[in-house]
S.K.: 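What follows is a single structure, and I will ask about it in a moment.
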Number of protein chains: 2
Amino acid sequence: MNIGTAARQSGLPPKTIRYYEDIGLLTADRAANGYRDYSSEDVHRLRFVQRSRSLGFSVEECRQLLSLYTDRDRASADVKAIATEKLGEIDRKIAELTGLREMLGHLVENCHGDARPDCPIIDGLSGKTRDH
Amino acid sequence: MNIGTAARQSGLPPKTIRYYEDIGLLTADRAANGYRDYSSEDVHRLRFVQRSRSLGFSVEECRQLLSLYTDRDRASADVKAIATEKLGEIDRKIAELTGLREMLGHLVENCHGDARPDCPIIDGLSGKTRDH
DNA sequence: CTTGAGCTTCCAGTGGCTGGAATCCCATAT
DNA sequence: ATATGGGATTCCAGCCACTGGAAGCTCAAG
């Protein structure tokens, strides 16, 4: 099957698939006319990468996961280690964003938001107000 | 004052300050020897940008905020609009990450994580299991 | 036989820096 | 006077993960 079909079935744009091939993440057979030719197993791998990426794994992590995916004899502990590490990262990111949300939320709440120039948001960003 | 001092006082690396100048976000006077020369007002602006960036505003948004910061007569509503929009983005990001966290958390929970090859994480990523 | 869609490659740009090289300036120690 | 070390300058390249666009090929349908 051609790249367009593989793209539709995997949820990845053709450009991205070519890019993945370029960086050696996935390979593809070539048909007689020079077109890339994907098997359904290839599509599985593409979708695997698509899902992994959408779950926040970096491309390098996807490379690791793919090799764990391919290696039918690896220990599940190896996979769990990567996933757990990523879970920690996600938690840290959520915590950070929640902190930001709170800070910015306070600023927005205290801003009357009318035609007057007086603005606690600007004051907060410029460091004028004492930290509470 | 030199760029190093301004950097220490604003919390931005010198490289970043030069970069900001390069893209026209901030300007700097030059001393006789060609060194950049920062006033304390310049440092205020640098810190303003530093805080805005750390709160998740893009450089382009910082450009807007800076002009609102400089314009002593603008309505606080203008600032509030930008901040509220950003608040929405942060909320969306948190929601997205929370979703990811949950999904990945389930996979990790169900993985026994021992020497056996059977792994629900890989199965989940490959789409083998029905979405529950 | 033409048209249009889809495929190929390659080059360049995105955002927001960051690292490194080569060179210059300045203050201090010898 | 000079050597040294730290900081400043410029410019070029690279990071991540794509994405857009140009120029040219192939293929199926009308």
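Since we're looking at a predicted model, the values are computed, not measured. Chain letters run A, B, ... following the sequence lines, proteins first, then strands; residues in each count from 1.
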S.K.: Any donor-acceptor pair, under 3.5 Å, between the side chain of B:Lys15 and the base of C:dG20, if you only look at N and O atoms?
M.R.: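 Indeed, a donor on one side and an acceptor on the other fall under 3.5 Å apart.
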S.K.: Salt bridge check, A:Lys93 against A:Glu96: does any charged N sit closer than 4.0 Å to a carboxylate O?
M.R.: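 No salt bridge links A:Glu96 with A:Lys93.
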S.K.: Can we say B:Arg45 and B:Glu41 salt-bridge, meaning some charged N sits less than 4.0 Å from an Asp/Glu carboxylate O?
M.R.: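 The answer is yes: the pair qualifies as a salt bridge.
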S.K.: Mind calculating the distance between CZ (A:Phe57) and P (D:dC16) to the nearest angstrom?
M.R.: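 Atom-to-atom, A:Phe57 to D:dC16, this comes out as 18 Å.
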S.K.: Please report the distance, rounded to the nearest Å, between CD1 in A:Ile3 and C1' in D:dC25.
M.R.: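 Rounded to whole Å, this separation is 15 Å.
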S.K.: Rounded to the Å, how far apart are A:Glu21 CD and D:dC18 P?
M.R.: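 That distance rounds to 15 Å.
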S.K.: Between B:Glu60 and B:Arg63, does any side-chain N to carboxylate O distance fall below 4.0 Å?
M.R.: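 Salt bridge present between B:Glu60 and B:Arg63.
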S.K.: Look at B:Asp114 together with B:Arg116 and state whether they make a salt bridge at an N to O cut-off of under 4.0 Å.
M.R.: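 B:Arg116 and B:Asp114: salt-bridged.
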S.K.: Applying a 4.0 Å non-hydrogen cut-off, can you work out what B:Pro14 is touching in the nucleic acid: base, sugar-phosphate, or nothing?
M.R.: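 Result for B:Pro14 = nothing.
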S.K.: So which nucleotide from D:dC18, D:dT10, C:dG16 ends up closest to the side chain of B:Ser58?
M.R.: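 Within the option list, the nearest is C:dG16.
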S.K.: Return no unless some side-chain N or O of A:Thr16 is found under 4.0 Å from OP1 or OP2 of D:dT19.
M.R.: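 It does, given that an N or O in the side chain of A:Thr16 lies less than 4.0 Å from OP1 or OP2 of D:dT19.
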S.K.: Between atom CG in B:Asn33 and atom P in C:dC26, what is the gap in whole Å?
M.R.: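 Going from B:Asn33 (CG) to C:dC26 (P), I get 5 Å.
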S.K.: The side chain of A:Tyr35 lies closest to which of these nucleotides: C:dG6, D:dA8, D:dA17?
M.R.: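 Among C:dG6, D:dA8, D:dA17, the one nearest the side chain of A:Tyr35 is C:dG6.
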S.K.: Quickly work out the B:Ile23 CD1 to C:dG13 P distance and round it to whole Å.
M.R.: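 One finds 17 Å between P of C:dG13 and CD1 of B:Ile23, rounded.
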S.K.: Measure from the side-chain heavy atoms of A:Pro13 and tell me the nearest of D:dT19, C:dT18, D:dA17.
M.R.: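 The closest nucleotide is D:dT19.
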S.K.: Is the phosphate of D:dT10, meaning OP1 or OP2, less than 4.0 Å from a side-chain N or O of B:Arg30?
M.R.: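 Yes, because at least one side-chain N or O of B:Arg30 sits under 4.0 Å from OP1 or OP2 of D:dT10.
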S.K.: Is B:Glu21 paired with B:Arg18 through a side-chain N to carboxylate O contact shorter than 4.0 Å?
M.R.: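 The answer is no: the pair does not qualify as a salt bridge.
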S.K.: Please tell me which of B:Arg18 and A:Glu60 maps to the more 5' nucleotide of DNA chain D, matching each residue to the nucleotide holding its nearest heavy atom.
M.R.: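 Its nearest nucleotide lies further toward 5', so the answer is B:Arg18.
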S.K.: In whole angstroms, how far is the P atom of C:dG15 from the CG atom of B:Asp22?
M.R.: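 One finds 14 Å between P of C:dG15 and CG of B:Asp22, rounded.
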S.K.: Nearest whole angstrom, please: distance from the C1' of D:dT10 to the OH of B:Tyr19.
M.R.: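 The distance from OH of B:Tyr19 to C1' of D:dT10 comes to 17 Å, rounded to the nearest Å.
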S.K.: Assign each of B:Leu12 and B:Ala32 to its nearest nucleotide of DNA chain C by heavy atoms, then name whichever residue's nucleotide is nearer the 5' end.
M.R.: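 Looking at DNA chain C, the more 5' nearest nucleotide goes with B:Leu12.
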S.K.: Separation of B:Asp37 atom CG from D:dA8 atom C1', in whole Å?
M.R.: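 Value for this atom pair: 13 Å.
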S.K.: Give a yes/no answer on whether the side chain of B:Arg36 brings an N or O atom under 4.0 Å of OP1 or OP2 in D:dT10.
M.R.: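 Checking D:dT10 against B:Arg36, a side-chain N or O does come within under 4.0 Å of OP1 or OP2.
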